[in-house]
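Here's the structure, in structure tokens; my notes come after.
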Amino acid sequence: MPLSAAVISGVQKLVLYETRARYFLVGSNHAQTKHRVLKIDRTEPKDLAIIDDKHVYNQQEMRELLGRLDLGNRTKMGQKGSSGLSRAVSAYGIVGFVRFLEGYYLVLITKRRKMADIGGHSIYKIEDTNMIYIPNDSVRVTHPDEARYVRIFQNVDLSSNFYFSYSYDLSHSLQYNLTLLHSPCDPGTVEEVHTRSSRQQDSFDIFEDEGLPTQVFHGLQSEPYAKYVWNGKLLERVKDTVHPDWLMYIIHGFCGQSKLLIYGRPVHVTLIARRSSKFAGTRFLKRGANCEGDVANEVETEQIIHDASVMSFTAGSYSSYVQVRGSVPLYWSQDISTMMPKPPIRLDQADPYAHVAALHFDQMLQRFGSPIIILNLVKKREKRKHEKILSEELFPAVINLNQFLPPEHCIDYIAWDMARYTKSKLYNVLDRLSMIAENVVKRTGFFINRSDFFCHTLRPDERWGDLGGSLTSSGRVQTGVLRTNCVDCLDRTNTAQFMVGKCALAYQLYALGMIDKPKLQFDTDCVRLFEELYEDHGDTLSLQYGGSQLVHRVKTYRKIAPWTQHSKDIMQTLSRYYSNAFSDADRQDAINLFLQVYQPSESKPHLWELPTDFYLHQRNSMALTHDRRSYTYWWSEGILSYLPLPYDEVPCEENMKKVGVRRVNRYDESIDTYTEFFKPYELTSFDDTFCIAMTNSARELMPKTVGVDPSPFTVRKPEETGKSAVIGAKSSKEETVVQRKTAASAPPPPSEEQISSSSEDDSEDDRDDDGSVSQRSTPVKLLTESGESVRTQEVWDGKPDMQTGPWERSMSFAFVLFFTSPSYFSLSSVPVSCFTTDSIYEVSSPQVDRDNREVFEGHVLTGLGQVRSLCREDILMYREYIKNRYM
């Protein structure tokens with residue numbers, strides 16, 4: 001079966017040319033070797049007329065076409081100037097086409113910034129856009145309210161947290177994208193290998209006499225998941241008329257990536273949050289769920305860990321974990337007309353058979369599989385019922401739905417009053433959260449694309465055997481998901497998700513062979529890096545939904561936040577109240593217009609004239625539904641037979657219809673991730689590359705003092721960290737050098753246990769390991785007569801060098817005395833390698849086979865100017881390169 005690869009979009013650079021009658025949108029790939037053209041008619045005042053000729057032009061053909069268009073659109077023959085074809089704007093992608101009361105507008109991405117890299121697939125953030133009116137001024141029919149609709153539409157700031165990729169499907173998880181690459185393709189749906197133009201086919205092929213076969217790959221392109229796509233309605237008008245390369249789907253939420261250096265080995269930690277476009281809106285205006293089971297403030301958060309030393313999806317090591325947040329799936333709302341900080345919660349509609357909750361959990365079973373675990377963080381005890389109303393309705397709904405599911409696939413419900421635990425001095429919030437996180441991760445498991453878990457073979461851990469999920473031939477997949485909610489799904493939810501993510505991160509690093517047991521402690525560089533990502537993630541989502549940054553952070557619940565944080569919390573609370581009271585209505589109108597929930601028309605009242613948008617989001621309020629779902633068999637057909645696996649990832653006939661498959665050459669540009677990432681055809685600066693500018697644990701967090709253990713799993717005091725922003729205070733210039741045991745082998749000292757509020761710091765497992773020190777991360781110290789510690793870099797052979805100075809010779813003599821006198825030094829070494837010939841001081845050289853030696857010798861001879869003769873494989877590779885690049 002041919003190998004599969006993701007298809008890279010052939011339209012990455014756009015140039016818009018204009019004449020009086022048409023717009024010509026020229027799109028090309030990044031190397032600008034293939035071009036496509038869209039013709040947009042400007043003579044239609046209210047209709048959108050687009051022609052895609054489906055032809056792929058090379059660079060020379062494109063120049064000739066633009067020259068003919070320029071010559072044909074001049075008013076007089078031989079005249080030069082702006083009357084012909086003029087260049088309007090350059091762009092990087094199409095957001096979509098939108099119409100209000102006049103003609104259509106074209107929205108283009110004019111600036112972008114790289115935010116992350118996953119397996120050579122770049123993820124970009126939109127920095128700026130341009131909105132261009134399509135019809136010519138001579139045919140424009142003006143409307144007095146058009147300008148107001150444009151202002152409302154532009155209130156959705158596209159330069160704020162909107163992301164896209166040319167080759168990676170951001171609307172799906174990494175588990176879905178990599179599972180798709182291993183799915184068998186239906187030969188009946190496979191398109192043929194792309195044929196070149198007749199002129200290129202008639203050209204002379206210098207390798208045509210060899211008769212060597214061409215390796216064929218399957219290029220896969222799946223349909224995006226509509227819930228997390230924000231410009232789906234804007235592209236709906238042209239989806240069926242243009243080539244798929246023109247369609248670029250964007251997501252809204254958060255994307256951040258940092259580099260964790262483990263003794264020089266780069267590990268990329270990526271956090272992607274996808275905000276749902278269904279029932280989307282602001283804090284008090286969107287609560288609960290709509291009639292289709294879509295909930296407010298629904299966000300899917302995915303953490304991806306991969307070894308950056310190997311880029312390929314097939315050869316590299318990748319792991320991910322997904323969790324979800326969202327409003328309580330009931331019909332409920334809050335009345336903001338009272339101008340109260342906490343408006344009363346009211347249930348809008350009785351739902352005795354949990355119909356809306358059934359629709360919501362049906363979506364989750366289809367996308368994530370089972371078990372679905374609900375972590376409900378709302379208050380249980382209140383003087384006056386407020387949040388408790390939601391718990392009293394949600395718990396019976398879950399009980400009602402579970403009685404029809406098989407016992408092994410029932411929905412788990414965990415209710416915990418996090419706010420009450422925070423106020424109590426007897427309980428530790430993060431202790432309880434870490435216990436819940438351990439239980440959740442063991443139930444759901446996580447995704448990893450490697451089946452060889454050498455970590456557990458070399459350093460067994462009893463917790464690994466209890467891990468859930470599903471084992472496959474290519475690794476392990478996550479089955480089920482944790483769904484966390486409080487009332488707003490902001491502060492408490494973000495802290496709970498961080499603790500679950502921290503627990504999952506330990507298992508992911510353990511599975512990748514980075515640590516010797518699946519446990520991470522606070523106050524390490526690794527956890528600080530992860531905490532920073534989650535705080536940025538929480539601040540971003542809180543600004544989008546609540547209008548301010550997080551009020552309560554992880555440090556607040558650890559009770560180590562500085563006293564200045566209280567004043568900041570008060571300011572954030574006031575900012576959130578002001579935004580909810582005065583600006584949320586305008587933001588909600590902008591979201592409704594951008595997502596095309598409301599489409600302006602002459603026959604309908606204007607958007608600003610509607611007393612409420614309830615009828616826009618609740619479709620059953622405008623018409624009776626014909627297909628009424630069963631109250632007992634509340635799940636979709638086919639889902640139950642594949643559980644615990646998610647139905648969306650099963651390679652069944654219905655799912656494979658959503659995947660476009662085409663046969664391409666192995667070296668075709670549409671699947672060549674290497675060329676797409678490294679761009680060998682253009683001059684780049686090493687200092688400007690994204691991997692250099694990325695947040696780095698060694699540069700940002702590790703202390704700069706010489707002699708400090710460089711392991712990112714070493715517990716450090718707050719004053720030891722290399723970044724003052726992490727601890728909220730300025731770090732001292734004279735940092736104390738303190739060597740500690742690593743987090744992978746021992747707990748912090750007692751003074752740290754009093755400060756830290758993690759349950760992992762005082763667990764029984766860590767107490768048992770208190771006597772063992774990890775020799776991989778603890779440097780060997782040599783004590784001189786004065787008691788000062790000297791860190792040796794290498795073992796000296798005892799022979800003094802006559803070229804060295806007196807200071808070096810005296811130090812060498814001191815080392816000779818040190819090593820020869822048994823009274824100064826006593827060391828009992830314990831080997832950490834499972835191989836008998838290796839130890840902590842000596843490792844046997846690897847065995848190199850003959851083929852690799854010949855390759856190395858060939859490189860050496862080539863450097864000396866002695867080129868060996870080419871073999872048959874070299875000629876085949878060069879033949880493919882020439883054909884794909886120049887013919």
Side-chain angles (χ1 to χ4, degrees), residues 10-28 32 34-110 129-144 146-147 149-150 153-154 197 231 234-248 599-602:
V11 177
Q12 299 188 21
K13 292 184 177 180
L14 300 166
V15 180
L16 184 66
Y17 297 92
E18 66 171 321
T19 64
R20 292 181 60 85
R22 286 188 181 89
Y23 274 125
F24 294 92
L25 191 60
V26 178
S28 63
Q32 296 188 352
K34 297 180 180 179
H35 303 260
R36 293 182 178 272
V37 180
L38 277 185
K39 303 172 187 177
I40 307 174
D41 192 5
R42 301 185 64 192
T43 59
E44 291 288 341
K46 292 188 177 182
D47 196 12
L48 182 63
I50 293 183
I51 301 174
D52 183 6
D53 59 5
K54 310 291 186 182
H55 184 72
V56 179
Y57 301 88
N58 59 27
Q59 207 162 15
Q60 181 62 29
E61 292 173 341
M62 198 69 248
R63 290 198 196 99
E64 295 174 357
L65 176 63
L66 293 177
R68 290 196 300 269
L69 290 174
D70 183 40
L71 185 63
N73 283 278
R74 292 176 187 166
T75 54
K76 296 180 180 179
M77 293 299 295
Q79 178 183 355
K80 294 183 179 180
S82 60
S83 57
L85 186 72
S86 60
R87 180 168 178 157
V89 66
S90 299
Y92 295 102
I94 302 174
V95 175
F97 299 85
V98 62
R99 178 182 177 271
F100 307 120
L101 296 172
E102 295 181 8
Y104 275 89
Y105 293 84
L106 170 63
V107 185
L108 296 174
I109 301 171
T110 54
T129 56
N130 198 347
M131 193 170 175
I132 300 168
Y133 188 66
I134 293 177
N136 201 341
D137 292 338
S138 59
V139 299
R140 182 171 187 173
V141 180
T142 60
H143 194 282
E146 179 76 8
Y149 277 113
V150 173
F153 183 85
Q154 292 177 340
S197 61
N231 63 334
L234 301 181
L235 294 172
E236 196 174 46
R237 183 71 173 77
V238 299
K239 182 179 179 181
D240 299 328
T241 59
V242 302
H243 191 273
D245 283 352
W246 291 102
L247 305 176
M248 189 183 66
Q599 298 181 2
S601 175
E602 296 282 357

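Because the structure is predicted, anything quoted here is derived from the model rather than measured. Quick note: residue numbers are just sequence positions, from 1. Side chains included, hydrogens not; waters and symmetry mates left out as well; all remaining heavy atoms used.
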ask   = Considering residues at least two apart in sequence or located in another chain, which fulfil the salt bridge (Lys or Arg N to Asp or Glu O under 4.0 Å) criterion with Arg63?
value = none
key: Under the salt bridge (Lys or Arg N to Asp or Glu O under 4.0 Å) test, residues paired with Glu18 that sit two or more places apart   = Arg42
request  = For Phe24, check ring pair (Phe, Tyr, Trp, His ring centres under 6.0 Å) against everything at least two apart and list the hits.
outcome  = none
note = Residues at least two apart in sequence or cross-chain that pass side chain to side chain contact (heavy atoms under 4.5 Å, CB included) with Ser601, listed by chain then number, are Ser603, Lys604
key: With Tyr23 via ring pair (Phe, Tyr, Trp, His ring centres under 6.0 Å) - residues at least two apart   = none
key: Residues which pass salt bridge (Lys or Arg N to Asp or Glu O under 4.0 Å) with Asp53, listed by chain and number, not counting sequence neighbours   = none
message = Quick one, Met248 with Ile109, criterion side chain to side chain contact (heavy atoms under 4.5 Å, CB included). Give me CA distance, side-chain angles, the key distance, then yes/no.
response = CA-CA 11 Å; Met248 189 183 66; Ile109 301 171; 3.1 Å; yes
query = Phe97: what forms a ring pair (Phe, Tyr, Trp, His ring centres under 6.0 Å) with it, not counting sequence neighbours?
reply = none
inquiry  = If the condition is side chain to side chain contact (heavy atoms under 4.5 Å, CB included), which residues does Asp52 pass it with, not counting sequence neighbours?
reply    = Leu38, Lys54, Val242, His243, Trp246
key: Non-neighbouring partners of Met62 that pass side chain to side chain contact (heavy atoms under 4.5 Å, CB included), sequence neighbours left out   = Val26, His35, Val37, Tyr57, Leu65, Leu66
Residue list, ring pair (Phe, Tyr, Trp, His ring centres under 6.0 Å) with Tyr104, at least two apart or on another chain = none
query = With sequence neighbours left out, what residues match Ser90 under side chain to side chain donor-acceptor pair (under 3.5 Å)?
reply = Arg87
key: Pairing residues for Arg140 by the salt bridge (Lys or Arg N to Asp or Glu O under 4.0 Å) criterion, not counting sequence neighbours   = Glu102
